[in-house]
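First comes the structure, then the notes that go with it.
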2 protein chains.
Amino acid sequence: MAGPNIDDIDLQILGELQNDGRMTNVELARKVGLTAPPCLRRVRALEESGAITSYHAVVDPAMLGYTITVFAMVSLKSQAESDLKAFQEHVDALPEVRECHMLNGEIDFILKVVAKDLQSFQQFLTSKLTPAPNVVSVKTSLTIRTSKNLPGVPLPV
Amino acid sequence: MAGPNIDDIDLQILGELQNDGRMTNVELARKVGLTAPPCLRRVRALEESGAITSYHAVVDPAMLGYTITVFAMVSLKSQAESDLKAFQEHVDALPEVRECHMLNGEIDFILKVVAKDLQSFQQFLTSKLTPAPNVVSVKTSLTIRTSKNLPGVPLPV
DNA sequence: TATGAAATACTTCGCCC
DNA sequence: GGGCGAAGTATTTCATA
């Protein structure tokens, strides 16, 4: 159904774990119609092969005082690979930057940035992002609300 | 240190679980310097309070044949709340749409969309996204590569 | 709240099908 | 490949301070 060596039961496992990453192996086994040992073997194989890359708890930013989420659209002067890479390495090291995607078209990078308030975001922008190597323009948009925020890909669950 | 009733040990717990959502409770307890029972009570309390909203396995899109990730910037004709809501409900129901954020400025929404190939993305665009209620413009950018993709917020880990 | 012990449940291995 | 049973851990509750 999908990539090499991934069958329908694996797809079900991926769907369940994408939906609830803390599900116990016995519950997972019950849901996909296996007993625990073969189910665990499949999960381990999916982790080994890289189909499952990691597990995360999702933390509510607002509960930790992060009231600001911003998308920053960045354009660079040069699109030479070495320049793209230098910019990437610069922003990847900033903890406020949660995501960094390189895009085609006029915008070279889109970043998702979190901050505790507008003031600390402005400081981040002027002292860390705009001075990054090779930057020619940064356009930012505040997130007003997020109505959907799912990880990964569509899977049957 | 952060929101109400969240102390430094809670912050450590959030950091560890954000980093590895499948960590066992005893390992978590060891890392934060508690024994298992009080550690578990704290985790349950963080889940109850909404500080931890969910747990997810991260699945590699490429391993499941999803080779395309696109950011779609959408502008609407009307920004009346009922129109914003109608658009949101439309796109939230589409499985290809993984994220939907409402922004300030000229772009009203930014969506993260996945697809198996360019052709199915084009079909999604013309048959599902562009015909959504109230849409006036949709600009899309293909993701060339993603160098950072962390959930949540900066936490000490 | 934290601890320690005890009951229950889960994980994981070896073996067989 | 999957299932069964057993051993080793982990989870979870409860009594206690």
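- Remark: B:F87 engages B:F109 in a ring pair (Phe, Tyr, Trp, His ring centres under 6.0 Å) (not counting sequence neighbours).
- In this structure a side-chain-to-backbone donor-acceptor pair under 3.5 Å is present from B:T67 to B:K116.
- Residue-environment remark: CD (B:Q79) exceeds the threshold of 12 foreign heavy atoms within 6.0 Å.
- Reading DNA chain D from its 5' end, the first and the last nucleotide to sit under 4.0 Å from a heavy atom of chain A are D:dG1 to D:dG5.
- In this structure, B:H90 has no ring pair (Phe, Tyr, Trp, His ring centres under 6.0 Å) partners at least two apart in sequence or on a different chain.
- Note on the helix from C:dT1-D:dA17 to C:dC17-D:dG1: terminal axis deviation equals 30°, with five pairs used at each end and the result rounded to 10°.
- Applying a 4.0 Å cut-off to non-hydrogen atoms, the residues of residues 19-38 of chain B that approach DNA chain C are B:T35, B:P37, B:P38, listed by residue number.
- Cluster partners of A:L40: none. The rule joins Ile, Leu, Val, Met, Phe, Trp and Tyr whenever side-chain heavy atoms lie under 4.5 Å apart, and it links nothing here.
- Remark: B:T24 pairs with B:V26, B:E27 by the side chain to side chain contact (heavy atoms under 4.5 Å, CB included) rule, at least two apart or across chains.
- Here salt bridge (charged side-chain N to carboxylate O under 4.0 Å, His left out) pairs that include residues 125-150 of chain B, with residues two or more places apart or in two chains, are A:E81-B:R145, B:E96-B:K128.
- Put simply, the side chain of B:Q18 gets close to the backbone of B:V153: a donor and an acceptor are under 3.5 Å apart.
- In this structure, A:T53 contributes its side chain and A:G50 its backbone to no donor-acceptor pair below 3.5 Å.
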Show me the donor-acceptor pairs, under 3.5 Å and distance only, between side chains in residues 70-78 of chain B and residues at least two apart or in other chains.
| unit_1 | atom_1 | unit_2 | atom_2 | d |
| --- | --- | --- | --- | --- |
| B:S75 | OG | B:E106 | O | 3.1 |
| B:S78 | OG | B:A80 | N | 3.0 |
| B:S78 | OG | B:D83 | OD2 | 2.4 |

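- Among residues at least two apart or in separate chains, there is no salt bridge (charged side-chain N to carboxylate O under 4.0 Å, His left out) pair with a member in residues 56-69 of chain A.
- Contacts between residues 40-50 of chain B and DNA chain D, counted as heavy-atom distances below 4.0 Å, involve B:L40, B:R44.
- Evaluation of the salt bridge (charged side-chain N to carboxylate O under 4.0 Å, His left out) test over residues 31-47 of chain B, restricted to residues two or more places apart or in two chains, returns B:D7-B:R42, B:D10-B:R42, B:E16-B:K31, B:R44-B:E47.
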